[in-house]
Structures are given as C-alpha cells and as structure tokens.
S.K.: 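Below is a structure I'd like to ask you about.
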Amino acid sequence: MAEKWVLMVTAQTPTNIAVIKYWGKRDETLILPINDSISVTLDPAHLCTTTTVAVSPAFDQDRMWLNGKEMSLSGVRYQNCLKEIRARACDVEDEKKGIKITKKDWENLHVHIASYNNFPTAAGLASSAAGFACLVFALGKLMNVKEDNSQLSAIARQGSGSACRSLFGGFVKWIMGKEEDGSDSLAVQLVDEKHWDELVIIIAVVSSRQKETSSTSGMRDTVETSPLIQHRAKEVVPKRVVQMEEAIKNRDFPSFAHLSCADSNQFHAVCLDTTPPIFYMNDTSHRIISCVEKWNRSEGTPQVAYTFDAGPNAVMIARNRKAAALLVQRLLFYFPPNSDTDLSSYVIGDKSILGDAGIKDLNDVEALPPPPEIKDNIPTKNKGDVSYFICTRPGRGPVVLSDETQALLNPETGLPK
Ligand code: DP6
C-alpha cells in the first residue's frame, strides 16, 4: 500500500424522539433495556448529525472532533462501537485512487472522525442518539461492513441506547431482545416517513438554569430504587407498544396522542418515584402540558400529542398542518419572544407554519387573541421561558453524502477543514 492516501466517507443521520420511552437497563455495559420503545425520526433538514470518517496509513491513532473541537475516544462506549465495527470490516478497493485494503489491514489502520450537529448540542435534543448512529453508519460504509441497518443498530446501541433507533426513518421500534449477548436487541422500522406525512412536529426548547441528571445515571437510579419501574416495564409498556404499533399503522391520531402523552407522563412519574427524586420537567414544561391538554379537551378530540425526554423541552406532534398552525398561535400567545428577539430566530426550521398561522412579525404575535378555551382565565404571558421553537416533521434515515464538499475532513490530510 502507498502511504499517502486518505479514504473518506461522509454520512448524515437524524435524531429521534421516543413516543414510548426507553428508561432502565438490564445490562449496563451492553446497554440492554428493560422494555421495548418506539420513536419517530425527525427530519434531518432541521436536526441531524453529519459525520466524516477517514482512514489513512499516515494516521497514528484514532482521533475524533465534535463541532470542531477534539475530544477523547477513550470512553468504553466509543471503544465498544469501534471494536464491533472493526470486527466486521471487509475488503475495500478504490481503483481510481489505487487503494486496496484487506480485511486484515483494518486491524492496524487508524481512523479520524469529525462530527457536526446542525442544532445546539447543549439544547438537550438527543444529540448523542444521532451522533452514535452516524458514527456507526459512516464507519460501516467506510469499512464495507455487510450488515444491514438493523444489525448496525445493535452496534450503535452500545454507544447510547436511543441511538439504535436513529438508523431508520419514519417510526421505529427498538426490540429489547432476550439474548444475554444483546444480539437480538435492535431497531426495526415500523413504517417509513411517507406513511404518516401529515404530522407536524414542534419542539419548544425551554430555558433552564439547572444541569439535568444524565439519562444514564437517572435510569440507573430509577432501576435501583423505584418500585413503580418494574410495573411499568412488565405490565404497562408491553401493552402500550402493541397499541402504539396499531395506532401508527392505522394513522389513528387520537390513540397515538393518548398513548404518547400517557407514556411521557409515566416516564416522568417513575423519575419522581426514584430516590432521590429526579425532576426533568420545569414550570414551563407544565404550562405547555396544560395548554395542550385544555385545547385537546375543548376540541373533543386530540389535536396535539406531547412528549418530554430527560429535560424540560417539549416535543409536540400536531395531527396536521392546520392543527400545527393553531398550536403555533397558542404557543406564541403564551410564550412570546423577548422584544429584542426577532421572530425568524425564535421560530426556526420549517417556517412555513408561521405563514399558515398568519404570523409575519412581532406585531402579529402581539395581536394574537387569547385561545377561546381559556377565555375566562387569561394567564400571564411568559417572555423568555422558551428559548426558541423548531418546526419539523417525521424524516428519513441515514444517508451517505457523496458530494465531497460536504466532508468535514480535508481529503489530503484527513484533519478537520
Ligand atoms: C428519556 O439513550 O440517552 O430519551 O443508553 O444510557 O445512553 P443511554 O441513555 P439514552 O436515554 C434516552 C432516554 C430517553 C427516552 C428515549 O429516548 O427512549
């Protein structure tokens, strides 16, 4: 082999949000859950990770950069993902560049990895899910790994549990599996992103002063101390998973909304049942729940589902564009931007929803009437409680980006551009 070459692959992978939550492990190292979970993949146009992986005989160690900053790969989760994917590497030949790598060569070759999130990593939007999924997917392509996305998901799972669900678009189920080695704990696609494409997803990134307990340590404490979690995992979730699959298959929004909200609320209930109790939602989260609940009740049938992960951000799923426009009016009524914030940075992603809601500028926000369902009891407006909103929709799974200009590593040096 010549010593000069660099071979690279760039991939883009979406993030996902669970509508039936994963919370609790039966094996901490292999990351095996105590129940199945179901998620919706979010459109990568608005929330995704892009990762470039490169290999070269000139590299003397594995290295990684996240959003331009070098970070350590020594953690056991990274090491497990790298080990598992290397073990499946196959022969690679690039005739144009005159490169030939055999299965055996991979044991001695090092990789460079550069990853970039198109959303703030600190916003608490499941960046590790997209990140590990993208790492495993991109390395799989670089190393010509023959395993399908479900089998790759079982590797991404060892980086972060929820990452396994980011290997597919649409709606995805993580099957908990039975095997001790975790080989059957993997993700499968239930339906693709076109199956239920009327849905609109609006995320409220809620301002928070406190650093939340990480999912990893939070769920460990719950499994060790909560009596409710066993009931949830054994009795509640198995039935809900069956009902949720049915609701998704039939595009049955009322059942979908009921199950999503109930499961999010039960997840936060087992957090509260943990010793010491874990509080992920804050006052703003609670106000958003009450706004949605009141509206849904007044309509007689749900217009919007909500779900909250290990933090105060609300993910709201509207049944269609009309409901999304009415939701945006309500959200901006309750949570208007500060007067020094412009609307275009307060509502990001698919801004066309603003047009549907008849909102062009801050004057239109000021002029919003109180929602009819709260006529007698108008609440105070809460400026500054929401940092911004992201409008998005169900999206596709991982893809390889063949356009070399999108690579994050320099094709000559293999270092960040
Ligand atoms: C509340 O996947 O972040 O978002 O497996 O320890 O890395 P680890 O945890 P992580 O937990 C996600 C928890 C959740 C629910 C969900 O995504 O299903």
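Counting from 1, the numbers follow the sequence of the chain as shown. As the structure lists them, so they are numbered: ligands from 1, and atoms in each ligand from 1. Every heavy atom of this structure was used, including side-chain atoms; hydrogens, water molecules and symmetry mates were not.
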S.K.: With the threshold set at 4.0 Å, does a side-chain nitrogen-carboxylate oxygen contact exist between Asp263 and Arg232?
M.R.: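 Salt bridge flag = yes for Arg232 with Asp263.
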
S.K.: Does the ring centre of His112 sit less than 6.0 Å away from the ring centre of Phe59?
M.R.: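 Yes, the ring of Phe59 comes within the 6.0 Å limit of the ring of His112, centre to centre.
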
S.K.: Look only at the side chain of Gln230 and the backbone of Pro227, and say whether a donor-acceptor pair between them is shorter than 3.5 Å.
M.R.: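 No, the answer is negative, given that no donor and acceptor are paired below the 3.5 Å cut-off.
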
S.K.: Students often mix this up, so state it plainly: with edges at 30° and 60°, are the rings of Trp23 and Phe267 parallel, tilted or perpendicular?
M.R.: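 Rings of Trp23 and Phe267: tilted, 30 to 60°.
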
S.K.: Please list all pairs passing the salt bridge (charged side-chain N to carboxylate O under 4.0 Å, His left out) test where one or both residues lie in residues 316-341, with sequence neighbours left out.
M.R.: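 Salt bridge (charged side-chain N to carboxylate O under 4.0 Å, His left out) check on residues 316-341 returns Arg321-Asp350, Arg321-Asp356, Arg330-Glu373.
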
S.K.: Measuring from each atom of ligand 1, which residues have a heavy atom under 4.0 Å away?
M.R.: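 Correct list: Ala18, Lys21, Tyr22, Trp23, Lys25, Ile31, Arg77, Ser160, Gly161, Ser162, Arg165, Ser215, Thr216, Met219, Phe267, Asp309, Ala310.
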
S.K.: Hey, are Glu84 and Arg88 close enough for a salt bridge, meaning a charged N less than 4.0 Å from a carboxylate O?
M.R.: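 Salt bridge between Glu84 and Arg88, a charged N being under 4.0 Å from a carboxylate O: yes.
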
